[in-house]
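So you know, we letter chains A, B, ... as the sequences are listed, proteins then strands, and number each from 1.
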Amino acid sequence: MGMFERDTEIYRNRDALREDYQPAKLVGRDEELERYKTALQPVINGEQPNNIFLYGKTGVGKTAGTRFLLDHLIEDAAQYDDIELTVKILNCDGLSSSYQIATRLVNKFRADSNQISTTGYPRATVYDMLWSELDACGGTIIIVLDEVDHIEDDSILYQLPRARANGNLTEAKIGIIGISNDFSFRDDLSPKVKSSLCEEELQFPAYDANELIEILSQRAEVAFHEGVIDDGVVELCAAYGAKDAGDARQSLDLLMKAGDLARDHDTDTITDNLVRDAREELERGRIREGISGLTQHGHLVLYALLTLEQQGKTPVRSRDVRPRYTSFAEQVGADPLVPRRMRDHLGELSMLGIISAVERNEGRRGGTYREYSLDMDTQMILTALEETVAQVGIHESVAQMVDQETTLSEYT
DNA sequence: CTTCCACGGGAAGTGATGGTAC
DNA sequence: GTACCATCACTTCCCGTGGAAG
């Protein structure tokens, strides 16, 4: 027996559950894709492409549908000698400024050996680089900006569609496809940008439970061997996805995680219980990821709330979190943040779903304030903190306190 | 009705960090 | 090296708000 041994194989093709898998047919998006196709038609006619704005909640097939159509568009455009089509897809997640978008776009057009740094240049320099890359590429260029709502300024969305009119480009014809799950993003755009970016608007509605079941069944059939999935598992995964705004991605992730758990445990069937375990596991991952992205003070605020929860002092308003937080900050030799900033951290934690906030208003007596409490199991948060945080001194004493379920008198 | 509270949101500014260009 | 440049976490300050108290 070697060191490695093949697992009991429940998967026929695990990739079919991945986000980037492209099934031959996209379920439940017929009308949307038909309209999308019409909006892309000018490309094949060799005309200036439409700018398209696509919106709909997460996991409703916006990105999948876009990739699907653009792959076909590239294929079909190849049959016409007079069309040189280039498609670049950029996910704007984690990029907050037009400057960042511009640097990434320049790099998309450049060879791996010739990439530019994402900081350091003046803004105008980066734009000039972008124009020369676009013109050097030439032909028809479609730029897909996925999660475009992450960009906090209009600049690139204003510049790109107008680059030709403003004389920055002479060769290339540019089409922008903006994808967003934030409905209000469109309304917040300046009128100038709105009119050019939103020439064609497409809306993808959420999947209903039946569509989710159909999608999951379609993928599961490819992904798993016969008889691996218990009755009701697909429906359960679909139900979780449907509850969270018709999100197919979430349902698929859940099914895949359940499959992975089954494989790890050397069992050959996926049961309802395994799906529930998978859900917990995914939740843990989400929390861990959220916590690892926090600053030192974010962690200290969370430790403060954690101990208060442990002592049964939650829900607690920010002014009562503060003394605990400042004492922790002093223990690790950090200057405590100003109250306003500490509240920002509390708000960030509740955005991440790690803690929950309830707004209260006692009018003239108490004004408006928020009461915070932990939204997750204390032990789970503590474990996540331990894995990602190097706040040794605090962590030890907090962990001990949680373990013994005693109240340490020095933190009152 | 007005008053008042503790907030949240936003603007402006600071100083550190990490980068380019000369 | 110097002169710039963008970005981040943060501070400071100010203004607007919901709703019970007066």
Practice task
State, with a plain yes or no, whether a side-chain heavy atom of L90(A) is found less than 4.5 Å away from one of D146(A).
Solution key: no
Looking only at side-chain N and O atoms, does [Y] offer a donor or acceptor that is under 3.5 Å from a partner on [X]?
{"X": "D153(A)", "Y": "S98(A)", "result": "yes"}
{"X": "R104(A)", "Y": "Q115(A)", "result": "no"}
{"X": "Y121(A)", "Y": "D128(A)", "result": "no"}

Exercise for the section: With heavy atoms under 4.0 Å as the rule, sort S97(A) into base, sugar-phosphate or nothing. Expected result: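 The residue S97(A) makes sugar-phosphate contact but no base contact.
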Exercise for the section: Could you tell me whether R123(A) contacts a base, only the sugar-phosphate backbone, or nothing, with contacts defined as non-hydrogen atoms closer than 4.0 Å? Expected result: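 The residue R123(A) makes sugar-phosphate contact but no base contact.
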Exercise for the section: Can you run down the ring-ring contact (aromatic ring centres under 6.0 Å, His included) pairs that involve residues 22-71 of chain A, sequence neighbours left out, and say none if there aren't any? Expected result: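 Found F53(A)-Y55(A), Y55(A)-F183(A), F68(A)-H72(A).
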Atom [atom1] of [X] to atom [atom2] of [N]: distance rounded to whole Å?
{"X": "D153(A)", "N": "dG10(B)", "atom1": "CG", "atom2": "C1'", "result": "17 Å"}
{"X": "E371(A)", "N": "dG8(B)", "atom1": "CD", "atom2": "P", "result": "13 Å"}
{"X": "I151(A)", "N": "dT7(C)", "atom1": "CD1", "atom2": "C1'", "result": "16 Å"}
{"X": "D320(A)", "N": "dC7(B)", "atom1": "CG", "atom2": "C1'", "result": "14 Å"}
{"X": "R322(A)", "N": "dC7(B)", "atom1": "CZ", "atom2": "C1'", "result": "15 Å"}
{"X": "D335(A)", "N": "dA16(B)", "atom1": "CG", "atom2": "P", "result": "13 Å"}
{"X": "H297(A)", "N": "dC8(C)", "atom1": "NE2", "atom2": "C1'", "result": "13 Å"}
{"X": "R319(A)", "N": "dC5(B)", "atom1": "CZ", "atom2": "P", "result": "11 Å"}

With distance as the sole test, does [X] use its side chain to make a donor-acceptor pair with the main-chain N or O of [Y] at under 3.5 Å?
{"X": "S180(A)", "Y": "E147(A)", "value": "no"}
{"X": "K108(A)", "Y": "T103(A)", "value": "no"}
{"X": "N51(A)", "Y": "S196(A)", "value": "yes"}

Practice task
Would you kindly check if the NZ (Lys) or CZ (Arg) of R317(A) is within the cone defined by 45 degrees around the ring axis of Y369(A) and under 6.0 Å from the six-membered ring centre?
Solution key: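 Pair R317(A)/Y369(A) counts as cation-pi.
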To the side chain of [X], which of [options] is closest?
{"X": "Y99(A)", "options": "dC7(B), dG8(B), dT7(C)", "value": "dT7(C)"}
{"X": "Y369(A)", "options": "dG8(B), dA9(C), dA6(B)", "value": "dA6(B)"}
{"X": "R340(A)", "options": "dC7(B), dG9(B), dG8(B)", "value": "dG9(B)"}
{"X": "T295(A)", "options": "dC10(C), dA6(B), dT7(C)", "value": "dC10(C)"}

Problem - Side-chain N,O (Q100(A)) to OP1/OP2 (dA6(C)) below 4.0 Å - result: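 Looking at the OP1 and OP2 atoms of dA6(C), neither is under 4.0 Å from any side-chain N or O of Q100(A).
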Exercise for the section: Please list residues of residues 342-364 of chain A whose heavy atoms come under 4.0 Å from any atom in DNA chain B, ordered by number; otherwise none. Expected result: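 By residue number: R343(A), G363(A), R364(A).
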Detail all sub-3.5 Å separations between protein N/O atoms and N/O atoms belonging to nucleotides 19-22 of chain B.
{"unit_1": "dG19(B)", "atom_1": "O4'", "unit_2": "T119(A)", "atom_2": "OG1", "d": "3.4"}
{"unit_1": "dG19(B)", "atom_1": "O3'", "unit_2": "S117(A)", "atom_2": "OG", "d": "3.3"}
{"unit_1": "dG19(B)", "atom_1": "N2", "unit_2": "G120(A)", "atom_2": "O", "d": "3.4"}

Problem - Neighbour count >12 (heavy atoms, 6.0 Å) for atom NZ, K88(A) - result: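 Yes.
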